[in-house]
Every structure is written in C-alpha cells, then in structure tokens.
Amino acid sequence: MSGRRLALGLAAVFAASGAAKDSCLECHSSLDGRLQAPAAAYANDIHRHRGFGCAACHGGDPSYDDPTIAMSPARGFRGKIARSAVPKLCAGCHSDANLMHKFNPRQRVDQYAQYLTSIHGKQIAAGDEAAANCVDCHSVHDIRNVKDPLTPVHPLRLPGTCARCHSDAARMAKYKIPTRQYDDYHGSVHWEALAKRGDLSAPSCASCHGNHGATPPQVASVAAVCGTCHVLLEDLFNKSPHQPVFASMGVAGCVVCHGNHEVRKPSAKMLAGTESVCSQCHEAASAGALAGVEMANLIGKLRQELDSSDRVLREAASAGMEVSEALLRQQEASENFVKARVAVHEFRVAAVGKPVADGLRIAAETRRAGEQALEEKDRRRIGLAISLVTIAVTMAGLWMAIRRIESPPA
Amino acid sequence: LWLEERLGLAGVREFIRHKSVPVHSATMWYYFGGITLFLFVIQVLTGILLLLYYRPTIGEAFESVQFITSRVEFGWLVRSIHSWSANLMILGAFIHMFSVVFLRAYRRPREVTWLSGVVLLGLALGFGFSGYLLPWNEVSYFATKVGTDMAASLPGIGPPLARYLRGGDDVGGATLTRFFGFHVAVLPGITTLVLLLHLALVQKHGISSPPRVEEEYRLRGQAVPQMPFFPNFFLRELMAWYAALGVLGSLAAIFPWELGVKADPFAPAPAGIRPEWYFLAPFYTLKLLPSHVWIIEGELLGLIGFALLGVFWVLLPFWAVNREGIERKRLVTGAGVALLAYLATFSALGYWK
C-alpha cells in the first residue's frame with residue numbers, strides 16, 4: 001500500500017505542477033504494438049484528464065527516464081494487474097469518499113461493496129478469474145465518464161457490452177446460462193424505446209439486473225423488478241387471482257405472459273385467438289379462456305369505435321371545421337382505452353368493462369360532433385353557392401345597367 | 001327638400017355630377033383603391049361583431065375566439081372574413097400603391113395624397129401586427145415575440161420601444177391588452193382621420209391620368225376621354241366590390257381561418273415560426289444577414305437598411321423630379337420594379353424555405 005500511496009502522491013504532485021513528467025507515457029508511446037496501445041488509449045481516459053498517470057494504478061516512478069529505476073519494485077512498480085486484483089485496486093480510490101468527492105461531490109463510493117454482492121464479485125472471490133471485473137465493462141486505459149456516449153456503459157452501448165460475454169456460448173458454457181438474452185432483447189419494446197426512440201431512460205440490462213451489484217432477479221422478485229417502472233400494473237397484478245396461483249406454481253408473474261428479455265408490444269391478441277398467452281394455462285372453453293376472449297372483444301370494440309371517430313374528426317378538421325373540443329374529448333376516450341388495457345392485469349372482466357363503457361360513450365359523442373361538423377361543412381358550401389349565384393346575378397344586373405346607361409340613344 | 005334646406009346637399013350633388021374618371025387602357029387599376037376601401041369597411045363591420053364576444057386577457061382570449069368560431073351563430077364566418085379580408089386589404093393596398101407608382105399618379109400636386117397613402121399602408125401593417133396576436137395562439141405569440149425582439153435591437157430607442165409595445169420585459173398579458181387597445185381604438189382613430197384626408201385629396205385633385213396617355217391624346221389634339229364618376233364609374237366599382245365579396249366569401253367558407261393551439265409562454269418556440277406574408281420579405285432578409293457585418297450587428301444593419309428604404313420610398317414624389325422639373329421616369333420605374341421583385345422573391349423564399 002505504501003507504493004500505491006507514493007504513486008497517488010506523485011500523481012497529485014504532477015497534477016498540481018501542470019507539467020508533470022510521465023516517463024511511462026513517453027517511453028510506451030515510442031514502442032510498438034501491445035506495449036504502445038495502453039499509452040495511445042490513455043489520451044482519452046478520464047483519469048488522465050483528472051491528472052492521474054500510469055503510476056496511479058501500476059506503481060513505479062515516472063519521474064525517471066531509466067526504466068530500471070522507474071519500473072523497479074522498490075519504487076512500488078506492480079506491472080500488469082491480475083484480473084482478480086482489479087476490483088480492489090479501483091476501490092482503493094473509488095471507495096474513498098474523501099478522494100472521490102474532490103472530483104465530484106455527488107459521486108457514489110459504494111460500487112465495490114455492491115460488486116462484492118454481485119454474481120460477478122462472488123465468482124471472483126471464489127477464484128474464477130474469468131468473471132467480469134471493473135475493466136470488462138468500463139474498458140481499460142480509455143475509461144470514460146459514464147455519460148460519455150463512447151463509454152461501453154453508456155445506456156445505448158451497455159446491452160452490447162454485457163453481450164460480449166453473455167452472448168458468447170463458449171464462455172457461458174461452464175456457467176450453464178443461456179446466451180440468447182441479447183438477441184431476445186433486440187426484439188423487445190424496451191430496446192425499441194432505447195435505440196429507436198432514443199429514450200435513454202428505457203430499460204437495458206442494468207435496469208433490471210443492477211449494474212455493480214448485478215444479480216439475476218429471482219422468480220418471486222420479477223414483478224417487483226418490472227414494478228419499479230410499471231407501478232400500477234404491479235399493483236393490479238398483486239390484487240389479481242393470478243398472483244397467488246403463480247406464486248404457488250413458482251413461476252415469475254409478469255414473465256409468464258410477457259417474457260423477460262423479449263418483451264413484445266402488448267395487444268388484445270394476447271388475450272384470445274392463436275396468439276393468446278392465456279391458452280398456455282387455460283383450456284379453450286374454460287372460464288378463464290372465455291374471460292380472456294370477452295376482455296379482448298371489449299378492448300377491440302373500443303379500438304374500433306375510437307378509430308371510426310378519429311377518421312370522422314380528422315376529415316372534419318382537414319376541411320377546416322372547428323372540432324378542437326371534440327378532439328380534446330377524444331383524448332379522454334383514448335385514455336379510457338389505455339385504462340382498459342391496464343385493467344386487464346386485474347384479470348376481471350368487470351374491471352375492463354368500466355373504462356370500455358366510458359370510452360365507448362365518449363367515442364359516440366365525438367363521432368357525432370365530427371358528423372355534425374361535416375354536415376355543417378356541406379351547409380356552408382350550399383350557402384356559399386347561393387351567395388355566389390346572388391353575387392353573379394347582381395353583377396350581371398349592374399353590367400346590364402352600365403350598358404343601358406352607356407348605349408347611345410336610339 | 002327638407003334635407004336640402006338643412007344640409008345643403010346641392011353642392012355635393014353638383015360635385016358628383018361633374019366628377020369624372022379618365023378612360024384608357026390602365027383604367028382597371030383605378031378600382032383597387034376602392035376595393036381596399038371596401039375591404040376596410042368590411043374589417044370595421046366584422047371587427048365590431050367580433051368585439052361582442054372577444055375578451056383581451058391571456059386567460060380568455062383564445063377561448064373567446066374558440067367560442068366565436070364554434071358556438072356563435074355565423075361566428076366562424078365573421079372571424080374568417082375578418083382574417084381573410086385583412087390579408088386581401090393589405091394585398092389591395094400594395095396593388096394600389098404600385099399602380100400609383102407605375103401610372104405616375106404621385107406627381108404634383110398629389111404628393112400629400114401619396115404621403116397619406118403610405119401612412120395608411122403603414123397603419124394597415126400595424127393593424128395586421130397588432131391583430132395577429134389577439135387570438136393568443138402559439139404562432140401569433142411567437143411571431144409577436146420575434147417582432148418585438150426586432151424592435152428591441154434598435155439602438156437607443158429599441159429597448160424602451162419594445163418595453164412600451166410589450167407593456168413589460170416580455171410578451172404577456174399586458175402586451176395583449178395593449179395590442180387590443182391599438183387594434184380597436186388607437187389605429188382605427190388615426191386611420192379614419194388619415195383616410196378622410198386621403199379621400200378628400202383624391203376628390204380635390206381628381207383622378208390622375210398617366211403622362212403617356214396625356215401625351216398620346218395631346219399629340220392628337222384631344223383631351224383624355226372621361227367617364228362620369230356617377231353612375232358609370234360607381235357602378236363598375238360596385239361590380240368590383242361584388243367580385244371582391246365573392247372572392248372573400250369563397251376563401252372564408254372554403255378555407256376557414258385556423259385557430260391553432262393556445263399560446264404557452266413556457267413551451268419552446270415551434271419549428272418554422274414565421275410572420276404573416278406581408279412581413280416575410282424583411283423577416284427572411286434579416287435571417288440571411290450574418291450576425292455581424294464589420295462591427296455592426298447584422299440585425300441592426302438590416303433594420304437601418306429598411307428604415308432608409310422606407311424613407312426613400314415615402315419621399316418618392318420629391319426625388320422623382322429633378323431640379324429642372326424633369327421627371328426621372330426610368331429611376332422611378334426601376335425602383336418600383338426592383339422593390340416589387342424584392343418583395344415577391346424574398347416573400348416566396350421566406351414562405352418556402
């Protein structure tokens with residue numbers, strides 16, 4: 001630890017002097033291949049930008065040009081860091097609140113403690129050198145700020161970073177865990193929101209599994225994991241007749257119908273027909289299956305009426321008719337559609353029926369408003385035609401009067 | 001006879017009987033002054049009807065216009081006619097102004113008629129600018145913000161002028177109240193006086209014949225043919241008014257003026273915000289100018305340029321004749337064509353780009 005303290009002390013001195021000599025970078029920059037790569041990559045590293053040199057991690061004394069002195073164990077040189085030693089080395093600074101808060105007062109310092117609770121940390125502790133450590137996710141020698149779009153842990157890049165190991169069948173074979181998660185996630189609504197819509201708050205691997213404390217959620221906690229975002233759905237599911245049944249069967253709540261990594265866009269088709277997820281457990285003519293069909297029909301009917309009303313209102317609006325109030329009301333009907341879809345998670349037909357009935361009533365009102373606007377448009381056209389004919393006749397009369405006035409006397 | 005005894009209308013009748021209008025190939029351009037006047041009268045009448053329901057506060061302005069267009073019987077038509085007529089009136093005023101330039105009707109002794117006409121055009125643009133904000137919708141709010149920001153960039157008087165126009169540091173409730181005041185009280189009052197002066201001068205000096213027509217007939221040893229103002233020209237003008245009414249009614253009924261969405265001062269300005277078409281040319285010019293030309297701000301330079309151009313244009317009757325009293329025909333026609341080309345091109349670019 002004394003060597004490490006010396007290195008940190010030197011780094012601080014160099015940072016303070018502003019023109020620190022770093023023989024590591026000078027020498028390695030002039031080398032070739034793998035010996036040059038770390039020095040080249042370090043140009044983009046956040047640690048370098050904060051004034052830390054190679055010696056901060058690798059030890060040694062960069063103030064000497066002679067490698068035998070600069071890289072001597074007597075001056076704390078540690079050389080290449082063993083994989084199992086990496087987390088502890090990083091924690092030397094990143095768990096030190098006094099040090100970290102000099103750079104960022106809001107910086108967390110519990111990453112190492114969390115890591116020790118993760119499956120990765122436990123594997124390392126058990127002597128598995130292949131388990132992921134800090135640099136496997138954050139990269140090494142070109143570690144960037146977590147908000148930098150080029151860091152491997154940026155939300156848009158994180159799934160690919162996890163996939164580097166978790167999609168590698170050979171690497172995962174000894175852990176006996178599947179390797180399809182990344183491909184499945186690519187077909188999910190979460191990936192679509194993240195990558196296609198650019199919503200950086202959309203869930204990726206770490207949102208459900210954690211980052212430093214990465215642990216697979218257990219069957220009992222899946223609903224709680226989904227519920228961190230889908231609060232209302234979790235609440236409804238917990239009150240539903242399915243919750244105790246799924247719990248007794250030892251199956252994960254949300255995952256039974258929606259899957260885990262490949263969460264598709266939900267639709268009423270999930271309730272009935274060939275794509276029904278209810279049929280996984282409920283037989284065709286059973287009460288459960290029939291309830292699913294009934295809920296699907298209710299939601300389908302509301303969708304149909306909303307589309308029909310939308311068409312009429314759009315037609316009226318494009319004809320320049322004032323239907324803003326009806327369009328506002330139509331939003332209320334659409335909200336009832338969303339409520340009906342949410343109410344499905346209670347798995348009671350009556351719960352779905354209420355918002356559907358409200359939505360249908362409003363949709364009928366708005367469609368009538370749209371139809372009235374279109375009838376009004378026709379009346380306006382007729383009124384305009386009558387006015388134009390009257391104007392034309394008057395103009396013709398005026399023209400005749402002018403002709404009569406200006407015609408030479410007989 | 002009773003009225004005759006009290007009002008003495010015989011003089012007016014005599015004046016009308018002797019009033020005449022020149023007849024030549026360009027007589028049709030004489031109708032546009034009357035059409036502009038007709039559209040102004042429509043503006044006054046529809047404006048009074050809108051006043052019955054309109055409320056000039058930020059909490060009620062948009063809703064009251066919405067109420068007019070959706071609930072009030074024929075309210076949609078009145079509002080649509082008011083909006084379309086405003087645009088057609090400004091178009092009519094521009095046509096009238098350029099016809100005066102190209103027919104050389106600004107010549108002595110009609111310089112003051114020209115000046116009053118240019119003032120009326122300025123007042124019409126003022127009506128347009130102040131009326132645009134009144135529905136308090138998104139487009140009008142941000143267009144007013146941009147417009148008053150431009151005023152603020154003027155050196156010296158800019159900031160106090162912008163503050164006066166807005167009634168504060170930013171466009172808000174005070175701006176709406178004050179624009180409403182300008183639109184329904186201040187501008188109509190001034191316009192009525194200037195319009196009466198303009199019409200009185202037109203009656204005093206009669207209708208001008210283009211010099212080339214006068215020359216043509218002089219060489220033939222004849223006077224320019226005339227038609228009696230009443231009833232011959234008046235009935236033709238009436239036909240033009242009916243035609244304008246037909247066009248106005250058709251536009252108002254087939255393309256009802258949109259209301260848009262209510263202004264939200266906290267929302268970001270929507271993309272593609274631009275003013276009404278008659279402000280597009282200067283707007284687009286200012287957009288094209290670099291942020292700085294030498295040490296002067298681009299926008300300020302543009303505004304100074306427009307001010308100089310405005311003064312140059314207003315003083316047209318005075319530089320159109322040289323010291324020897326010879327007309328600078330080519331200069332006037334060239335300036336007219338250049339201004340028309342500039343307005344048409346930059347307005348089109350401002351609209352499409």
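Predicted model, so just to flag it, every value in this text is computed and none were measured. The basis for the numbers below is simple: all heavy atoms, side chains too, and nothing from hydrogens, waters or symmetry mates. Per chain, numbering begins at 1; letters A, B, ... match sequence-line order.
- Heavy atoms closer than 4.5 Å to chain A are found in the side chain of R71(B), but not in its backbone.
- The aromatic rings of F38(B) and W241(B) sit parallel to each other, their planes meeting at less than 30°, with 60° as the upper class boundary.
- Neither the backbone nor the side chain of S387(A) comes within contact range of chain B, judged by heavy atoms closer than 4.5 Å.
- Counting heavy-atom pairs closer than 4.5 Å to chain A, the top-ranked of the candidates A243(B), P228(B), S250(B) is S250(B).
- Of the N and O atoms on the side chains of Y30(B) and H24(B), at least one donor lies less than 3.5 Å from an acceptor on the other residue.
- Remark: side-chain polar atoms of H345(A) are paired, donor with acceptor, to backbone N or O of V342(A) under 3.5 angstrom.
- In this structure, W84(B) contributes its side chain and F255(B) its backbone to a donor-acceptor pair below 3.5 Å.
- Ranked by heavy-atom pairs under 4.5 Å with chain A, the list L77(B), L245(B), L238(B), I254(B) is led by I254(B).
- Comparing M227(B), R236(B), Q66(B) by how many heavy-atom pairs each has under 4.5 Å with chain A, the most go to R236(B).
- For A385(A), no part lies near chain B; criterion is any non-hydrogen pair under 4.5 Å.
- The aromatic rings of F94(B) and W277(B) sit tilted, their planes meeting at an angle between 30° and 60°.
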